[in-house]
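Written out below as structure tokens is the structure these notes cover.
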Amino acid sequence: MRIDKFLKVSRILKRRTLAQEACDKGKVCVNGKDVKPGHKIKVGDVVEINYIDGSVKFIIKEIKETVKKDEAPSLYEII
């Protein structure tokens with residue numbers, strides 16, 4: 001799955017366009033490397049998103065194409 005789609009499905013970012021913009025601006029890192037929106041992710045990858053006022057770092061635990069709002073946090077674990 002692409003990183004931009006995962007960020008939207010997991011509801012870490014609200015829209016896929018926001019995820020794409022964050023990747024294009026170099027604010028998303030996977031395993032320590034800046035990535036583009038089309039970067040393929042896998043279970044176990046460490047993702048870091050840098051915001052203006054801080055950052056969030058998490059491990060991908062599961063990948064699903066669609067998920068209900070209540071189940072979204074089960075896709076990742078914040079570290």
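Computed from a prediction, not measured in an experiment: that's the story for all the values here.
Residues Leu75 and Val46 do not share a hydrophobic cluster, clusters being chains of Ile/Leu/Val/Met/Phe/Trp/Tyr side chains in contact below 4.5 Å. No continuous path of ILVMFWY side-chain contacts below 4.5 Å connects Phe6 to Ile79, so the two sit in separate hydrophobic clusters. No continuous path of ILVMFWY side-chain contacts below 4.5 Å connects Ile3 to Leu18, so the two sit in separate hydrophobic clusters. Both Val56 and Ile60 are assigned to one and the same hydrophobic cluster, defined by single-linkage of ILVMFWY side chains at heavy-atom distances under 4.5 Å. Follow the hydrophobic side-chain contacts under 4.5 Å out from Ile59 and you never reach Ile41; the two are in separate clusters.
Taking both residues in full, the closest heavy atoms of Leu13 and Ala19 are given as CD1-CA, 3.6 Å, listed atom of the first, atom of the second, then distance. Across every non-hydrogen atom of Ile12 and Phe58, the tightest pair is CD1-CZ, 3.3 Å. Residues Ser55 and Glu48 come closest through the heavy atom pair OG-OE2, 3.5 Å. Summarising the geometry of Lys36 relative to Asp24, their closest heavy-atom pair is CD-OD1, 4.4 Å, with the distance given to 0.1 Å. Between Ala72 and Ser10, the shortest heavy-atom contact is CB-O, 3.5 Å. Contact between Val9 and Lys64 at its shortest, heavy atoms only, is CG1-O, 3.6 Å.
The line from NZ of Lys33 to NE2 of His39 is 8.5 Å long, rounded to the nearest 0.5 Å. Considering CE of Met1 and NZ of Lys8, their distance stands at 10.0 Å, rounded to 0.5 Å.
For Asp34 (side chain) and Cys29 (main-chain N/O), no donor-acceptor pair under 3.5 Å exists by modelled atom type.
Residues that satisfy the side chain to side chain donor-acceptor pair (under 3.5 Å) test with Arg16, not counting sequence neighbours, are Asp4.
Heavy atoms of other residues, nucleotides or ligands lying less than 6.0 angstrom from CZ of Arg15 number 12 at most.
Taking a cutoff of 4.0 Å between a charged side-chain nitrogen and a carboxylate oxygen, Lys5 and Glu65 qualify as a salt bridge.
Using a 4.5 Å heavy-atom cutoff, the side chains of Pro37 and Arg2 are in contact.
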